[in-house]
Number of protein chains: 2
Amino acid sequence: MEQSRKRAKPGRNPGSVGRTSRPRQAEVAQLAGVSQATVSLVLSARTDGKAATISEETRQRVLDAARSLGYVHDPAARRLAAARNNLLGVFSFTATFPTDVQHSYYPFLVGVEQEAAARGYDLVLFTGSSAGGPDALSRVRLADGCLFLGRHAPGAELKRLVADGFPVVHLGRREELEGLAWVGADYVSASRAVVEHLAALGHRRIVLVREDDDAPASTDRQRGFVEGLAAVGGDAGPEAVLRCADPAGEVTAERVRALVEDGVTAFVAEETDTGAAWRALDAAVREAGLGCPGDVSLGLLGGPPPDLATAPVPMGFDVPRHQLGAAAVRLLAAMVAGEETHEPLVACAFRTGETAGPPGRRP
Amino acid sequence: MEQSRKRAKPGRNPGSVGRTSRPRQAEVAQLAGVSQATVSLVLSARTDGKAATISEETRQRVLDAARSLGYVHDPAARRLAAARNNLLGVFSFTATFPTDVQHSYYPFLVGVEQEAAARGYDLVLFTGSSAGGPDALSRVRLADGCLFLGRHAPGAELKRLVADGFPVVHLGRREELEGLAWVGADYVSASRAVVEHLAALGHRRIVLVREDDDAPASTDRQRGFVEGLAAVGGDAGPEAVLRCADPAGEVTAERVRALVEDGVTAFVAEETDTGAAWRALDAAVREAGLGCPGDVSLGLLGGPPPDLATAPVPMGFDVPRHQLGAAAVRLLAAMVAGEETHEPLVACAFRTGETAGPPGRRP
DNA sequence: TTGTATGCGTTATCAA
DNA sequence: TTGATAACGCATACAA
């Protein structure tokens, strides 16, 4: 099958055969009347700093020869000899490009691609689905290091990679795995800032609407919320956090109205894949006949779902997904280069929005 | 600089060093108590047909050893030795994930990823921006073959790849390069079908609004339009095609009204990145006070821009981007396997929509 | 300043 | 059925 061994008989005469094959350094060398090593030196001359170990004359001869032969590097050989692939892996347990765009990795990938390109790395995309074997993760070792997206990367195998010293970076806080490097958004600070913004406007009774899971992103937001409330001397009673399995079912107009009558002047909801908490809150407030920000102020701990783009912009913060992707690549590149780790948290951008104002009158 | 040569002293004892480095076949061999060549035989056993030149026992020993060491092939070495990588390249001259989502390759990539995964290939994303050198494209040779997106891949280098027998597939019709394989949407047939649909409704005077460039996608649409008109005996006068540098400037309410008074009963616009032609046509008809499909029927040769998703669904066709990506991968895989080319055109799906009806009364 | 020699990890041929 | 061994194209110590 393989039409390999395209070259001439063993050993001899590298230049004479291979009509259809691209020139190698040996042929350039022959034409220029120098050795292959010299060609390598000239052709891979580091642009950075000194490269002056070659006489200008032979340099030109080699360059001319290479040009006239149409020489280009063979990346495989180059990488083999240099012992690096210049390849960074991107692994997502689900498809990297889901048809359901709702929770796609696209925004992260923008930053990942930019940063990788800037550093001269190419990207290898691994999909968890593509090879179902138990050692599916070991394929990633083909890259110099690997970035993991999503929360589904199996812990055991990740642990193995880390233990072997393979450079791994997880996108999103993930501390239960000892020694796993990660990069995440600083939800705590950002959420606290939202509370502080409300407090500065005069609010003291604020309620958080969150879903009933224990994703780190949710936990962090709640922590920031509580911290913020404490810092401003706000009222963090037991009812300050509304934790509901189905926000739409539990955050009703009556509930909201009752809370407002009880003195609550502002609500914040956490951002999730589906935007369920924010949708439920928004609908309940509207249905309760409350004006925003006239009667109540609203905050969203994250960005609004894309289909609500035309609605009033919620006060809150934007998750810097591009920057997160870029930061992850920076960290990974540093690890590949054997350097030390760095600050894993990326700041979110506060968004003033249009849904927060001074506390309204109580109805 | 390069901390290559990481391994132990020349020659000896491959297994004892390299704690942080990926295992090679030699180490697997040592652990399994066989030679490196045997490992290669076992690990690259072709699944197709016979692979039975190794005893089942040593086979298992090797497999176990490889697994326990977390062995994976080195893509560079594998490629250098003239074997295959199971790596398919995806090259886009512009960023694959542009911040400007307008013309992103995302929909194609969905299909590309699915089909690649189904065939056991991983994807390497080569970003054009990373290396501007004259051999920027040569990096793709690391993969077994490469898919090119967008119209910006420099012809000279593409030609070189093709001439060297490197498997290349271009996404989108591209015939000016002799021997370049491509996969594209069948805009001609789809556009003709739109005209025929209008003709079946009774229309005879139809006008095409297109932009003033010569992209193959535009040319194909016009060709289908003209063919369709001819086939149904429609009136393809010199004014049947409105070719304008700035549709918004030239497709005005007056113009449309004049055409309608002259007997035109239907308009079709081409789809572009920006959707400019369709926007202009839609606005002009609306401003002319014409009802659709009451007074005039409209067709769109492609899909509507995402921000017009709430507007009435235009009659026309959908470009099967997923399928295009998948078809491109299929073709590329076939070329890698040394098989022959196939049908390059993928059919578009007709979309009935809500903007076409019987010809209206003339005002 | 340039050439020689060797290794990078894999595949493939051939002999045992 | 398995083990040596020779490429593959390039980079790089080291010698000249």
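Letters A, B, ... are given to chains in the order of the sequence lines, protein chains preceding strands, and every chain is numbered from 1. Only this structure's heavy atoms are used, side chains among them; waters, hydrogens and symmetry mates stay out.
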Flag the pair [X] and [Y] as a salt bridge only when some basic side-chain nitrogen lies within less than 4.0 angstrom of an acidic carboxylate oxygen.
X	Y	result
Glu175(B)	Arg173(B)	yes
Asp74(B)	Arg24(B)	no
Arg78(B)	Asp144(B)	no
Glu176(B)	Arg174(B)	yes

Output yes when at least one side-chain N/O atom of [X] is less than 4.0 Å from OP1 or OP2 of [N], else no.
X	N	answer
Thr58(B)	dT2(D)	yes
Arg78(B)	dT10(C)	no
Ser35(B)	dA4(D)	no
Thr38(A)	dT2(C)	no
Ser40(B)	dT10(C)	no

Task: Nearest-nucleotide comparison on DNA chain C, the residue closer to the 5′ end among Asp74(B) and Glu57(A) - done: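 Upstream on the strand: Glu57(A).
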Take atom [atom1] of [X] and atom [atom2] of [N], then tell me their distance rounded to the nearest Å.
X	N	atom1	atom2	value
Tyr71(A)	dC10(D)	OH	C1'	7 Å
Ile54(A)	dA11(D)	CD1	C1'	13 Å
Gln30(A)	dG3(C)	CD	C1'	16 Å
Gln36(B)	dA6(D)	CD	C1'	12 Å
Leu80(A)	dT12(D)	CG	P	12 Å
Gln60(A)	dT1(C)	CD	C1'	16 Å
Arg61(A)	dT1(C)	CZ	C1'	12 Å
Arg79(A)	dC8(D)	CZ	C1'	16 Å

TODO: Please lay out, stage by stage, how Phe148(B) and Leu158(B) fare under the test side-chain contact (heavy atoms from CB on, under 4.5 Å).
DONE: CA-CA 9 Å; Phe148(B) 286 83; Leu158(B) 262 185; 3.7 Å; yes
Open item on the list: Need one value for Val39(A): base, sugar-phosphate or nothing, where a base atom within 4.0 Å counts as base even if backbone is also close, heavy atoms only.
Closed with: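 Contact class for Val39(A): none.
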Open item on the list: Any base atoms under 4.0 Å from Gln25(B), or only sugar-phosphate, or nothing? Heavy atoms, all strands.
Closed with: base
TODO: Can you figure out which of dT12(D), dA11(D), dC8(D) approaches the side chain of Leu41(A) most closely?
DONE: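 So the nucleotide nearest the side chain must be dT12(D).
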Open item on the list: Rounded to the nearest 0.5 Å, what separates atom CG in Leu63(A) from atom OG1 in Thr58(A)?
Closed with: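 These two atoms lie 10.0 Å from each other.
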TODO: Could you tell me how the ring of Tyr105(A) sits relative to the ring of Phe108(A): parallel (under 30°), tilted (30 to 60°) or perpendicular (over 60°)?
DONE: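 Answer is tilted, since the angle falls between 30° and 60°.
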Open item on the list: Expected output check: what is the dot-bracket annotation of DNA chain D, where ( ) and [ ] are pairs inside the strand (brackets for crossing ones), | is paired with another strand, and pairs are Watson-Crick or G-U under 3.5 Å?
Closed with: ||||||||||||||||
